[in-house]
2 protein chains.
Amino acid sequence: MTLSEEDYIKAIYHIGKGENTTVSTNSVAEEMDTKPSSVTDMVKKLSEKGLVNYKPYKGVSLTEHGQKTALTLVRKHRLWEVFLVEKLDFSWDEVHEVAEQLEHIKSEKLTDSLDKLLGYPEVDPHGDPIPSKKGEFKKAIKKLLSEVPIGKSGVCVGVKDSSAPFLKFLDKNNIALGDAVLVMDKEEFDGSLHIRIGDRDIHISQQIASNLYLKITE
Amino acid sequence: MTLSEEDYIKAIYHIGKGENTTVSTNSVAEEMDTKPSSVTDMVKKLSEKGLVNYKPYKGVSLTEHGQKTALTLVRKHRLWEVFLVEKLDFSWDEVHEVAEQLEHIKSEKLTDSLDKLLGYPEVDPHGDPIPSKKGEFKKAIKKLLSEVPIGKSGVCVGVKDSSAPFLKFLDKNNIALGDAVLVMDKEEFDGSLHIRIGDRDIHISQQIASNLYLKITE
DNA sequence: ACAAATTTTTAGTTTTGTCTAAATTTAATT
DNA sequence: AATTAAATTTAGACAAAACTAAAAATTTGT
Ligand SMILES: [Mn+2]
Ligand SMILES: [Mn+2]
Ligand SMILES: [Mn+2]
Ligand SMILES: [Mn+2]
């Protein structure tokens, strides 16, 4: 498997949100930042290799084999992200780019030893679940903060928008993964929220709330 | 810098044994397991990029810039080797292949954090010195065991032949990096040695002795 | 149902890195 | 010094992965 092939497999997996749906040529092109014609070419090749199902004009989906490949890549990507944060003191917004390279290193022993070193983590620094060696993982039970009802509380486990600017905003406002959050009140007018985070009461906009994931605790 | 370009730079560096000598097209081809014509093409490109000095029919050498690039690659390669052995329990003979991939990961922060995590090691698992961030390193003061005079002792710091079969032989015979070795006697007839390693007295052939490096201690 | 808009594919190029076969230069021998 | 051998480069071809422009299929709107 070449690096490029792997990135395509991963893109198809991600667009389908983990469930094995059929995705369009254009959506893959957009995700990968390439042209649709390039996608067509690659998808034909992947089809011949038995990694995807492809019918011209009808979209692509992963085969059993492709699915397994995607899970391995996601596993590697997220394990490396944990490594970078836990062992090398990287911050949220720095890990993705490097993990994008590290996920392509070919060594099953490396992946599994890393998993062990990190204590078999179940989620990555963005709150996304890490597939086990067998490809199993708990479907994330995370909810957007904007959809959490008043009175409920949870733990901050991830972001929807993982762009550097947003992550930097969170850093600046002292909102971090693992923080306990209680939804105290919601403004009907603009959807902004009053929340208690740690021991601080703060007020955040709807836009922020709809990009932060909580794992509901009660 | 592409992965392939980096591997060429490294090959030129290694053939020149770290000193900046001019090396032949053929030697690069052999080291890289490619054809001489491919080397010519690549060397032209590297020359245009200012990484090597190249005169047709006269061989290649690294420029200042190329030298620096080579040192960075060697640094990354060897740091990853230490990481694999120290943190992930890889053995001598397993690290090279994986490090060959990891050395190409682009992130200065990653390299330097790794260096810190490992406690700024000075040698890799094969006894080869690791360049510092600034590109400085102590020239190895290692000597082939076969050339150590009778009565002298040292610490096993590396191998000349780093092929898997040889490394496996050492494992099997309980000879490891860091072991203290005393040369007790030498057979004139076949050059074989009687050595004390740890608390064991053993007899090794000239062939083995000429592939093991010691750092002389007294 | 038909025309217009959109999506997707095909055809033809480009760049990178490799190869083979042939030509050229340099080195070694007589 | 001439010939032979070895090393190196050139020329031409190919596979991978991308692109642009044009053609074909599908979807949408009326
Ligand atoms: Mn990637
Ligand atoms: Mn992530
Ligand atoms: Mn390499
Ligand atoms: Mn090494």
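We name chains A, B, ... by the order of the sequence lines, and we start the count at 1 in each one. Everything numeric in this text was worked out from a predicted model, so none of it was measured.
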- [ ] Return no unless some side-chain N or O of B:Thr40 is found under 4.0 Å from OP1 or OP2 of D:dT9.
- [x] yes

TODO: Round to a whole Å and report the spacing from NZ of B:Lys35 to P of C:dC19.
DONE: 7 Å

- [ ] With a 4.0 Å heavy-atom cut-off, tell me which residues in residues 25-33 of chain B come close to DNA chain D, sorted by residue number.
- [x] B:Thr25, B:Asn26

- [ ] May I ask you to test the A:Ile195-A:Ile204 pair for a side-chain heavy-atom distance under 4.5 Å?
- [x] yes

Open item on the list: On the nucleotide C:dT8, are OP1 or OP2 found under 4.0 Å from the side-chain N or O atoms that A:Tyr54 carries?
Closed with: no

Dump the pairs, protein N or O against N or O of nucleotides 21-29 of chain C, anything under 3.5 Å, distances to one decimal.
| residue | atom | partner | partner atom | Å |
| --- | --- | --- | --- | --- |
| C:dT25 | O4' | B:Tyr57 | OH | 3.4 |

TODO: Select from A:Leu3 and B:Ser24 the residue whose nearest nucleotide in DNA chain D is closer to the 5' end of that strand.
DONE: B:Ser24

TODO: Nearest 0.5 Å please: distance from the SG atom of B:Cys156 over to the CG atom of B:Leu170.
DONE: 7.0 Å

Open item on the list: I need the A:Phe166 CZ to A:Lys160 NZ distance, nearest 0.5 Å.
Closed with: 10.5 Å

- [ ] Using a 4.0 Å heavy-atom cut-off across all strands, classify A:Ser4 as base, sugar-phosphate, or nothing.
- [x] sugar-phosphate

Going by atom type alone, with no hydrogens or angles, which donor-acceptor pairs under 3.5 Å involve a side-chain atom of residues 107-120 of chain B and a protein atom two or more places apart or on another chain?
| residue | atom | partner | partner atom | Å |
| --- | --- | --- | --- | --- |
| B:Ser107 | OG | B:Leu110 | N | 3.0 |
| B:Glu108 | OE2 | B:Lys133 | NZ | 2.8 |
| B:Lys109 | NZ | A:Glu94 | OE1 | 3.1 |
| B:Lys109 | NZ | A:Glu94 | OE2 | 3.2 |
| B:Thr111 | OG1 | B:Ser107 | O | 3.3 |
| B:Asp112 | OD1 | B:Arg75 | NH2 | 2.8 |
| B:Asp112 | OD2 | B:Lys133 | NZ | 2.6 |
| B:Ser113 | OG | B:Lys109 | O | 2.7 |
| B:Asp115 | OD2 | B:Arg75 | NH1 | 3.0 |
| B:Asp115 | OD2 | B:Arg75 | NH2 | 3.2 |

TODO: Please state how far atom CD in A:Glu6 lies from atom C1' in D:dA16, giving the value in whole angstrom units.
DONE: 15 Å

Open item on the list: Within this structure, what is the OG1-CG distance for the pair B:Thr69 and B:Leu51, rounded to the nearest 0.5 Å?
Closed with: 5.0 Å

Between the protein and nucleotides 12-15 of chain C, which nitrogen or oxygen pairs come in under 3.5 angstrom?
none

TODO: Considering just the side-chain nitrogens and oxygens of B:Lys44, establish if one lies under 4.0 Å of OP1 or OP2 belonging to D:dT9.
DONE: no

Task: A:Met42 CE - D:dA15 P separation (whole Å) - done: 16 Å

Using a 3.5 Å cut-off and no angle test, enumerate the donor-acceptor pairs between side-chain atoms of residues 2-15 of chain A and protein atoms at least two apart in sequence or in another chain.
| residue | atom | partner | partner atom | Å |
| --- | --- | --- | --- | --- |
| A:Thr2 | OG1 | A:Ser4 | N | 3.2 |
| A:Glu5 | OE1 | A:Thr2 | N | 3.1 |
| A:Glu5 | OE1 | A:Lys49 | NZ | 3.2 |
| A:Glu5 | OE2 | A:Lys45 | NZ | 3.2 |
| A:Glu5 | OE2 | A:Lys49 | NZ | 2.9 |
| A:Glu6 | OE1 | A:His104 | ND1 | 2.6 |
| A:Glu6 | OE2 | A:Lys106 | NZ | 3.3 |
| A:Asp7 | OD1 | A:His104 | NE2 | 3.1 |
| A:Lys10 | NZ | A:Glu100 | OE1 | 3.2 |
| A:Lys10 | NZ | A:Glu100 | OE2 | 2.7 |
| A:Lys10 | NZ | A:Glu103 | OE1 | 2.8 |
| A:Lys10 | NZ | A:Glu103 | OE2 | 2.9 |
| A:His14 | ND1 | A:Lys10 | O | 3.3 |

Give the table of side-chain donor-acceptor pairs shorter than 3.5 Å for residues 32-41 of chain A, with sequence neighbours excluded, one pair per line with atom names and distance.
| residue | atom | partner | partner atom | Å |
| --- | --- | --- | --- | --- |
| A:Thr40 | OG1 | A:Pro36 | O | 3.2 |

Open item on the list: Parallel, tilted or perpendicular, judged at 30° and 60°: which one describes the rings of A:Phe83 and A:Trp80?
Closed with: perpendicular

TODO: Check whether any side-chain heavy atom of A:Gln101 sits under 4.5 Å from a side-chain heavy atom of B:Ile105, and report yes or no.
DONE: yes

Task: More than 12 heavy atoms from other groups under 6.0 Å of NZ on B:Lys68 - done: no

Task: Residue pair A:Pro129 / A:Lys138, side-chain heavy-atom distance below 4.5 Å - done: no

